[in-house]
Amino acid sequence: RLPKENKLVLIFVNVSNEPVSAQFHFDGNQHGIDGEQVRVTTITQEGTGETFVAPSVFQRELNFPPRTAWAWEIKAT
């Protein structure tokens with residue numbers, strides 16, 4: 001968490017040889033992210049990927065390809 005920037009980074013890694021799916025629940029208030037909405041940017045080894053805006057409390061199904069790592073940068077809008 002980077003409080004001065006009102007930002008959080010989450011890192012996801014699937015070390016298995018099989019794809020994995022999971023339900024992800026996020027509550028910005030629990031992580032000190034102020035605001036009604038957040039901007040989520042996906043970062044992979046190729047660089048910046050998908051960006052989306054969501055309420056500060058949201059859930060989403062995540063799909064993890066085999067043997068991959070990526071991060072979400074989450075910040076208040």
(message) Would E50 and R39 count as a salt bridge (Lys or Arg N to Asp or Glu O under 4.0 Å) here? Give the steps.
(response) CA-CA 11 Å; E50 172 192 17; R39 178 176 312 280; over 6 Å; no
(request) Specify whether W72 and F12 have parallel, tilted or perpendicular ring planes, treating 30° as the upper limit for parallel and 60° as the lower limit for perpendicular. (result)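 Rings of W72 and F12: perpendicular, as their planes differ by over 60°.
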(request) Give a yes or no on this: more than 12 heavy atoms of other residues, nucleotides or ligands lie within 6.0 Å of atom CD of E36. (result)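 Check fails, neighbour count at 12 or below.
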(message) If hydrophobic clusters are built by linking Ile, Leu, Val, Met, Phe, Trp and Tyr wherever their side-chain heavy atoms come under 4.5 Å apart, do L62 and V57 end up in the same one?
(response)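 Shared cluster, no.
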(message) Count I, L, V, M, F, W, Y as connected when their side-chain heavy atoms are under 4.5 Å apart, and connections chain through other members. Are V40 and I43 then in the same cluster?
(response)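 Result: no, two separate clusters.
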(request) Evaluate side chain to side chain contact (heavy atoms under 4.5 Å, CB included) for S16 paired with R67, printing each intermediate quantity in order. (result) CA-CA 6 Å; S16 76; R67 306 191 72 57; over 6 Å; no
How many angstroms lie between atom [atom1] of [X] and atom [atom2] of [Y], to the nearest 0.5 angstrom?
{"X": "W70", "Y": "Q45", "atom1": "CH2", "atom2": "CD", "result": "14.0 Å"}
{"X": "N29", "Y": "D34", "atom1": "CG", "atom2": "CG", "result": "7.5 Å"}
{"X": "I74", "Y": "I33", "atom1": "CD1", "atom2": "CD1", "result": "7.5 Å"}
{"X": "Q23", "Y": "R60", "atom1": "CD", "atom2": "CZ", "result": "10.5 Å"}
{"X": "T48", "Y": "E73", "atom1": "OG1", "atom2": "CD", "result": "8.0 Å"}

(request) Verify, without hydrogens or angle tests, whether N14 (side chain) and P65 (backbone) share a donor-acceptor contact under 3.5 angstrom. (result)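 Yes; at least one donor-acceptor contact below 3.5 Å.
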(message) Could you report the tightest heavy-atom contact between V38 and P55, atom names first, then the distance?
(response)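 Looking at all heavy atoms of both residues, the closest pair is CG2-O, 3.8 Å.
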(request) Search all heavy atoms of P19 against all heavy atoms of P66 and return the closest pair with its distance. (result)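 Closest pair (atom of P19, atom of P66, distance): N-CG, 3.7 Å.
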(message) I'd like to check F58 versus D27 (side-chain heavy atoms, cut-off strictly below 4.5 Å). Are they in contact?
(response)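 F58 does not reach D27 side chain to side chain.
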(message) Is it the case that the ring center of F26 lies less than 6.0 angstrom away from the ring center of H31?
(response)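 So the answer is yes for these two rings.
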(request) Take E46 and T44 through the test side chain to side chain donor-acceptor pair (under 3.5 Å) and record every step on the way to the result. (result) CA-CA 5 Å; E46 286 85 31; T44 67; 3.1 Å; yes
